[in-house]
Protein chains: 2
Amino acid sequence: MMTKKLTLDDHLPYLLNRAGNLVIQLFSRDLAQWGLTVPMWRILAVLGERGPQRLVDLAVLTSIDVSTLSRTIGSMVRRGFVTRGVAPDNRREVVISLTAEGRKISTKPVPMAVRYEQSLTSGLSAKDLAASKRVLKAVFERLATQAGRSIPDKTPSRKSASRRSSKPPARK
Amino acid sequence: MMTKKLTLDDHLPYLLNRAGNLVIQLFSRDLAQWGLTVPMWRILAVLGERGPQRLVDLAVLTSIDVSTLSRTIGSMVRRGFVTRGVAPDNRREVVISLTAEGRKISTKPVPMAVRYEQSLTSGLSAKDLAASKRVLKAVFERLATQAGRSIPDKTPSRKSASRRSSKPPARK
DNA sequence: CTGCAACAGTTGCGTTTGCAAGTGAATGAT
DNA sequence: ATCATTCACTTGCAAACGCAACTGTTGCAG
């Protein structure tokens, strides 16, 4: 059987995975100066940008497993960055919101993050960069749908979308 | 203080990290049918492409921590995929090589990997794709140097490069 | 030669992870 | 109204991870 040949250095998933890992490794070192971890930073950033979110939605938006997220949120509550509130119209939903403290700290790493991106991309063709962001977004979109997660609506309106579970009702 | 505004969806590190995570998550599910994990697959692929490698070099090439790598190799030896040999000219170096069994299994996921990449990128502009790979490689290169890892030579010649440790001699 | 520093790997250990099972709340069918 | 199902979240548990400490080897000053 003739295998189609696979050059690792040109294999997108491999490239993506390695670059993603490395980026996050370095980033987390820098983040340590604020006492933040990468997951925390992502949570803070999403909440700052989109406002209060339910746990499930936050999980999709940050690509963090719900169980992990639940624990991380726990430690963030203890640190006073966010609050865990119950949704008024549905008592099983937990709504995560930034506290004042959380909002304050969420802005701290921004300049660093911006500088970080610049240092990674300086000297690269702006066209290539734009193209690569397009590709990355498109790829991510496909991955997300393939993984069965629907991306929550931008509007934090409670009774909104995300009402289609791609999983067909399968039960014993 | 005027923060430069950071749009998460356009932030390269964030994009990279999330896409990388998702990709690997899905990929690992598919890999399970061969009883392989993602790290194993990476190791197999690198060995298949570049030939026997020292542990440190393998660590750099796969972006896996040496300690983790050491353990993973252990389980791969137990499974009969690779062998742990001692370098003839330097008894502290461990050389990892594919066994026949390992070589055989290393080809198995290739068609899947190829299909995987196709499904992720089909319909995307070839130009954009090429550009994005360029960017990814460049970014990765910068990350690697910044992380202090020098990429080993393509030639498996033993006494080659990788003789500069970027760490200044610091000891107690 | 001798002794110290750098290297290559391995192992210990605490933390993080991600799946699966468990809990309580809402939904829907009879 | 009742009961099974689904949903949102939490918790248990075992595997994976990464750092730091440790072992053995080589290189190099003096």
Side-chain angles (χ1 to χ4, degrees), chain A residues 21-22 24-26 28-29 32 36-40 42 53-60 62-77 84-96 147-150 152 158-159 162-172, chain B residues 21-22 24-26 28-29 32 36-40 42-43 53-60 62-77 84-96 147-150 152 158-159 161-172:
Chain A
N21 279 359
L22 252 186
I24 230 51
Q25 226 175 78
L26 295 179
S28 82
R29 285 201 228 290
L36 295 176
T37 65
V38 172
M40 284 182 186
R42 294 222 293 225
Q53 297 287 333
R54 301 186 309 157
L55 201 68
V56 261
D57 294 336
L58 200 52
V60 173
T62 55
S63 304
I64 300 175
D65 184 84
V66 267
S67 67
T68 304
L69 192 56
S70 177
R71 287 183 249 258
T72 308
I73 293 293
S75 76
M76 289 176 77
V77 169
R84 229 198 280 247
V86 180
D89 58 340
N90 191 334
R91 289 200 325 192
R92 65 184 160 176
E93 294 182 356
V94 171
V95 178
I96 316 297
R149 301 80 126 34
S150 40
R158 202 143 332 298
K159 298 227 88 96
S162 77
R163 248 69 185 133
R164 55 245 131 89
S165 66
S166 48
K167 291 175 192 168
R171 260 297 173 139
K172 65 160 180 190
Chain B
N21 279 359
L22 253 186
I24 230 50
Q25 227 174 76
L26 295 179
S28 82
R29 284 202 229 290
L36 295 175
T37 64
V38 172
M40 284 182 186
R42 294 222 293 224
I43 292 166
Q53 297 288 333
R54 301 185 309 157
L55 201 69
V56 260
D57 293 336
L58 200 52
V60 174
T62 56
S63 305
I64 299 175
D65 183 85
V66 269
S67 68
T68 304
L69 192 55
S70 177
R71 287 183 249 259
T72 308
I73 293 293
S75 77
M76 289 176 77
V77 169
R84 228 197 280 247
V86 180
D89 58 340
N90 192 332
R91 290 197 326 194
R92 66 185 156 174
E93 294 182 356
V94 171
V95 178
I96 316 297
R149 303 74 129 38
S150 40
R158 204 148 324 303
K159 298 230 84 97
S162 80
R163 249 69 183 130
R164 55 247 130 87
S165 67
S166 48
K167 292 175 191 167
R171 260 295 175 136
K172 66 154 185 191

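Order of the sequence lines fixes the chain letters, A, B, ..., with proteins taken first and strands second; residue numbering starts at 1 for each chain.
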So, OP1 or OP2 of dA8(D): does either fall under 4.0 Å of a side-chain N or O from Arg91(A)? no

Determine, for nucleotides 11-19 of chain D in 5'-to-3' order, which nucleotides have protein heavy atoms under 4.0 Å from the base (write B), from only the sugar-phosphate (write S), or from neither (write -). BBB---SBB

Provide the closest heavy-atom pair for Met40(A) versus Ser75(A) in the form atom of the first, atom of the second, distance. CE-OG, 3.3 Å

Nearest-Å distance, CG (Leu69(B)) to C1' (dG9(C))? 10 Å

If every non-hydrogen atom of Ser28(A) is compared with every non-hydrogen atom of Val38(A), which pair is closest and at what distance? CB-CG2, 3.4 Å

Note: Leu55(B) and Val66(B) closest approach over all heavy atoms is CD2-O, 4.4 Å

dG9(C) OP1/OP2 closer than 4.0 Å to side-chain N/O of Arg54(B): no

Closest non-hydrogen contact found for Pro39(B) with Thr72(B) is CB-CG2, 4.5 Å

Quick one: Asp89(A) CG to dC7(D) C1', roughly how many Å, whole number? 14 Å

Criterion side chain to side chain contact (heavy atoms under 4.5 Å, CB included) on Glu93(B) and Val86(B), from CA distance to verdict: CA-CA 6 Å; Glu93(B) 294 182 356; Val86(B) 180; over 6 Å; no

Indicate yes or no: at least one non-hydrogen side-chain atom of Ile73(B) is less than 4.5 angstrom from one of Val77(B). yes

Tell me if the side-chain of Arg92(B) makes a donor-acceptor pair with the base of dC7(C), cut-off 3.5 Å, by modelled atom types. yes

